[in-house]
Amino acid sequence: MLKYTLKRLLQAIPTMLVVITIAFFLMRVAPGGPFDGERSLPPQIEANLMAAYHLDEPLWQQYARYLGNLVQGDFGPSFKYKDFTVTELIMQGFPVSLEIGGLAILLALLVGLPLGVIAALRRNTGIDYTVMGLALAGIAVPNFVIAPLLALVFGVLLQWLPAGGWNDGALPNMILPIVALAVPQIAYIARMMRASMIEVLGSHYIRTARAKGLTETEVVWRHAMRPALLPVTSYLGPAIAGIITGSVVIEQIFGIPGIGRYFVQGALNRDYTLVMGTVVFYGALIVLMNLIVDLIYSALDPQIRYDD
Amino acid sequence: MTTDTLNQTIAPAGDSLGRDAWRRLSQNRAAMVSLALLGLMALACFLGPMLSPWGLAEVDWNAFSSAPTLEGWHLLGTDANGRDLLTRTLYGGQISLSVALVATFVSLVIGVLYGAISGYVGGRLDNLMMRFVDIMYSLPFMFLVILLMVVFGRNIFLIYAAIGAVEWLDMARIVRGQTLALKQREFIEAAHALGVKDGKIVTRHLIPNAIGPVIVYVTLTVPKVILLESFLSFLGLGVQEPLTSWGVLISEGTESMQTEPWMLLVPSVFLAVTLFCLNFLGDGLRDALDPKTR
Amino acid sequence: MSSKDMSFRDMSPWDMIRRLALTASLALSTTVISTTAASATLQVGNGAEPGTLDPQKVNGNWETRITRSLFDRLLNYAPDGSLEPGLAERWEVSEDGKRYTFHLREALWSDGEPITADDAVFALRRVLDPATANHNANLYYPIVGAREINAGKVDGESLGVTALDDHTLEIRLVEPTAWFVQALAMSEAAPLPEHLLSSGTDWTRPGVMVSSGPFVLTDWRPQDHIDVARNPHYYAVDEVALDGITFHAIEDPASALNRFRAGDLDISYSGVPSARFDWVQQHLPESLQVGPLLGSYFYMINLREGTPLADTRVREALNLALRREVITDQLLGIGQTPSWWYVPRAVSGAPDSRLAFADWPMEQRLARAEQLLDEAGYGPEHPLQLSLAYNTLDDHRKIAVAIAAMWKPLGIELELINREAAVHYATVRQADFELARYGLIATVDDAYDFLNAYASGGSAARSTGFHDEEYDDLVRRSSAELDPQRRRQLVGSAEQRLLDANVLLPIYDYVSVHLVAPHVRGWQSTPLDVHPLRYVSLKTQNDTSQ
């Protein structure tokens, strides 16, 4: 297993290189540049800006420069946030996104998994319908609707919690964004857990286990739980990478200084270095999370092995 | 492993599978009601606008942001430009339902086949295919979309392509995970031993046994696709005025949800009803297709 | 930076839970402290996160608002937006209008070093240095040598700016320029601490930055907030009422409104969601500050041959059939003025030029529009097909949809094309459009920005293909004319030429919309949207009578 893990980590290098190359050229051939704003710039000033950011060089030369700097761990300065390097921006924002996102996932698992299992065990009863109805509502209502509603109700009308702001990560400021992030995830996890639990409970080895006279609790915990977690695990790998890198909607509505906004706004601003920084960072997380998922597969089902 | 279970798990070939599944599905009342409702919804969206006194882009200069009213027959109110919201929601349904249908189907087919092959063959191919998935996850979607638009112009079919290009990834990961576990089971080994061809094992045994999570994930993909479409419209690739879609109507409605809540509620209710129906239909389908209970 | 200490590597879920427990226990105590200590700190919702605090690299009002609080210029803005002495106590202009002499007051940088005329020379050379890549450098082109320096042809030494002694500064211009002193009040013209900048980078960080204004930078958390505190070395420190200001980065207007209502903010510069405007007007009337803004919202017309729009009759018909009041009153409803002109009427010395048919009743305009289109060969049987490009935004969409509906009865089929902003502005720059939504906001309180855009080499002229030598001449003469009366006439004649040729479709003059709590004193709405915070104070709880 160690050998497999090491091999996968080594493979991450060519994978990331492909990602970086495609992303770099994809971004640069797309129309619209970092200085295309409402205020159209005189040609001389635009030329000065292009030169200041080396955008006047041939594309391959810029690519080589970028790779060269990247090897030395230098992501360059942000085009838009000129006083900071991309590394600084990500390193300052990521702990915030990780804290909010991590807690949201924790909450989603703690609520979603039991709900899914209960719904599966009480299939086609009132409990099942209620849980699944709520889950569907959580999926149907997008977070750009849930988040402002939460802020309005709990922040402005009831004044129980701050309507926004980070306040250095004080607990009251974190609750609403965590809930807003967790709601759709709870719904996803509960839905998937219910389905796979039903699937597993109907399989032969569970019937065999039942036939052996095990109690229902023992059957669920000892035999059904782990295989039933497989699809949720598959889903969670990329999902976690997405959630701990923040959500632009949640960050803007609650004023959270995370890195989610950089993914969307970096792209909208054509902040080339920042976009590349987020691509590299997110790509690395995806690779890592999918590796962890593959390792967890073997833990959930010992029969799953990787050839080498 | 007894021959009895073998017979159970190795589904009979031929079109009796489809007929059998339909028979089971038609016995599921919730699924059938949902199916009927979905049919009605589609009918309303595609034929309803013809009955409406208002056109898609027609402005009622006397009724900007009007609440539901009988005056001028704005049964569900008007939008900020004085256009009939019911009419626009029905037109929007044409786009959203077709995007949901096509894009979800594309992501289903690609994702399931890709994941099943990757997991079943395993080894080096699995590794290569999954690294490709990692790469696709990591690329900045927005630039992909903008480039598609530059190369092919503004075209509604691009929406399907762009959404299909990203939405199959989750599905592929999930199906692969299931396949990795399933292929170690006795019934697959038994099929092997009986000399069943690999292609048949994948399509007849692996995929049917992974159908539960697949169907659920499909029903989860639909709202994602519908809302993603509104992001494409933001970028200029999706639907353009005066056309609209549920995703676009919902995000427009959010702007004024505190003062003119109907603008958000109307398209949201249409979307929610569709999702509930799809959900029950999905559950019914799952039961109908389950090889273990057959 | 502090958050860097907490690397994500060593943050396990358990650490997070521990931290949670800790923050939970601290939460109560911190709220108690903050309510008592917040006495004279102004809480400002400042819009977007500033891209930089270098006064010469800033680009938007969410940035200059901060840099102008940190750096005084030779001339500052007064609370009403007019100019008042800043670091320069007084100044003289030579008879020919080409030589300015500024007399600097005795003042100190926040580190105690004296502010000298050399710091002003240094700053003006730097703003024109191509490596600085300042966005507004063209505003300083009237200075001798400036244009050549900015083009990288000569070095900064040759700039016509000289320190006659430590407190006397001379600026020589190529030709008299009416609006030039306005440019000296802008953030980019602020004298800079040469002794700091020449020694290193990262000079805009808290703890490093040295500034000259009423406030100094004390903290900067990207995407969160920026703190500034009263500058003890400021020459007028006794007149600064606030202990400090916190600028919160809040871009979303709805969130800003929520936080304003929750009492977290004293001022919100994030605007009001247009859908909530009526509500705010009813429920927060004493906080709502709406005022004219030096901005023009219009549709650019691509005038190049080969499209129907090259025909002036078609353009006039489009202008005639545009019901501006419907847009400003029914659709937007936040007090914008329908514009029958191009240069916003809030500009000082605004001309009274306008579209010829501005006062006609609607029926007459429509009849004339139909006639013109008919003459041009268009009508319901032979529809005129046009496309309109706009950048994705709710209000732009609403306006475009309404205009399409207004033109439809004339047999005009308008295709609406929305694009994400960067792509939209790129297509406008590359002249790849027929009609394009555009907004121009002034940098100085003058018609210059607007008129210059359509003069040869200007941004609008390049996008639309407009070329009129007589117009260019009028613009040039108006810029060099120092007599206000004659200048107003020249500006008016220039603008009238644009309007008579129907080269653009004016829609409305912008307004600024801000939320300012009633306990904030010394703040007023100004057309340039500048509100010097050194004059702002908070009514304390003691003298409140409400």
Side-chain angles (χ1 to χ4, degrees), chain A residues 30-45 47-49 51-53 78 80-84 88-89 91-96 98-99 102-103 106 148 151-152 155-156 159 162-167 169-172 174 251-258 261 268-270, chain C residues 1 3-4 6 8 11 13 16 19-20 23-24 26-27 30 49 51-54 57 59 130-135 137-138 147 150-152 202 204-205 221-224 248-252 254-255 258-259 261-262 264 420-423 425-429 439 441 453 457 459-460 462-463:
Chain A
F35 313 117
D36 281 319
E38 180 122 311
R39 238 189 117 63
S40 178
L41 297 170
Q44 180 59 54
I45 288 170
N48 290 344
L49 279 162
Y53 290 97
S78 160
K80 168 95 180 177
Y81 305 108
K82 303 185 183 83
D83 294 358
F84 294 92
E88 278 176 317
L89 289 174
M91 278 337 211
Q92 282 172 9
F94 183 57
V96 172
L98 180 65
E99 192 167 3
L103 288 171
L106 210 63
L152 181 73
V156 179
Q159 305 238 345
W166 177 235
N167 197 10
L171 181 66
M174 291 205 289
E251 286 176 10
Q252 293 220 326
I253 287 168
F254 293 109
I256 308 289
R261 48 166 46 85
L268 290 177
N269 294 327
R270 302 296 191 276
Chain C
M1 290 277 149
S3 46
K4 247 165 114 186
M6 194 179 63
F8 60 92
M11 208 160 106
M16 286 206 274
R19 206 182 144 204
L20 255 180
T23 41
L26 284 175
T30 47
E49 164 73 12
T52 172
L53 289 183
D54 183 328
K57 294 183 177 168
N59 195 23
T132 307
N134 180 278
H135 287 245
N138 56 318
R147 196 182 286 268
N150 198 231
D202 287 356
T204 56
R205 302 293 174 93
R221 306 283 172 91
Q223 311 292 349
D224 193 14
H248 299 270
I250 310 174
E251 220 172 338
D252 178 40
S255 319
N258 279 345
R259 291 180 65 183
R261 288 174 69 193
D264 296 350
E420 167 248 335
V423 180
Y425 292 119
T427 51
V428 170
R429 182 166 47 85
I441 308 232
S459 57
R462 276 177 286 135
S463 291

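In what follows, chains are A, B, ... by sequence order, proteins preceding strands, each numbered from 1. The figures that follow rest on heavy atoms only: side chains count, while hydrogens, waters and symmetry mates do not.
Heavy-atom distances place both the backbone and the side chain of C/A137 under 4.5 Å from chain A. When heavy atoms are compared at a cutoff of 4.5 Å, A/A52 approaches chain C solely by way of its side chain, counted from C-beta outward. Contacts between C/R462 and chain A at a heavy-atom distance below 4.5 Å involve the side chain alone, from C-beta outward. Only the side chain of A/Q159 comes within less than 4.5 Å of a heavy atom in chain C; its backbone stays farther off. Contact of C/R429 with chain A is made through the side chain alone, with heavy-atom distances under 4.5 Å. Both the backbone and the side chain of C/H135 come within less than 4.5 Å of a heavy atom in chain A. Contacts of C/N138 with chain A are made by both backbone and side-chain atoms, with heavy-atom separations under 4.5 Å.
Rounded to the nearest 0.5 angstrom, C/K57 NZ and C/T204 OG1 are separated by 8.5 Å. Rounding to the nearest 0.5 angstrom, the gap separating the CG atom in C/D202 from the CZ atom in A/F84 is 9.0 Å. Distance CD/C/Q223 to CD/C/E251: 8.0 Å, rounded to 0.5 Å. Here the CG atom belonging to C/D224 is positioned 9.0 Å from the CH2 atom belonging to A/W166, to the nearest 0.5 angstrom. A distance of 9.0 Å separates CG of A/L171 from CG of A/L103, quoted to the nearest 0.5 Å.
Ranked by non-hydrogen atom pairs under 4.5 Å with chain A, the options C/N150, C/T427, C/D252 are led by C/N150. Between chain C and the residues A/G258, A/P148, A/P43, A/P34, the largest count of heavy-atom pairs under 4.5 Å involves A/P43. With respect to chain A, the highest number of heavy-atom pairs below 4.5 Å among C/A262, C/A131, C/A151 belongs to C/A151. Taking A/G164, A/G255, A/P31 one by one and counting their heavy-atom pairs under 4.5 Å with chain C, the maximum is reached by A/G164. Taking chain C as the reference chain and counting heavy-atom pairs below 4.5 Å, the highest number among A/I256, A/N269, A/L268, A/L89 is found for A/L268. Between chain C and the options A/G33, A/G37, A/A30, A/G165, the largest number of non-hydrogen pairs under 4.5 Å is found for A/G37.
Taking both residues in full, the closest heavy atoms of C/R205 and A/D83 are given as NH2-O, 2.7 Å, listed atom of the first, atom of the second, then distance. The heavy-atom pair separating A/Q92 from A/P95 by the smallest distance is O-CD, 3.7 Å. The minimum heavy-atom distance linking C/E49 with C/A249 is given by the pair OE1-CB, 3.7 Å. Of all non-hydrogen atoms in A/P257 and C/P222, the two that sit nearest each other are CB-O, 3.6 Å.
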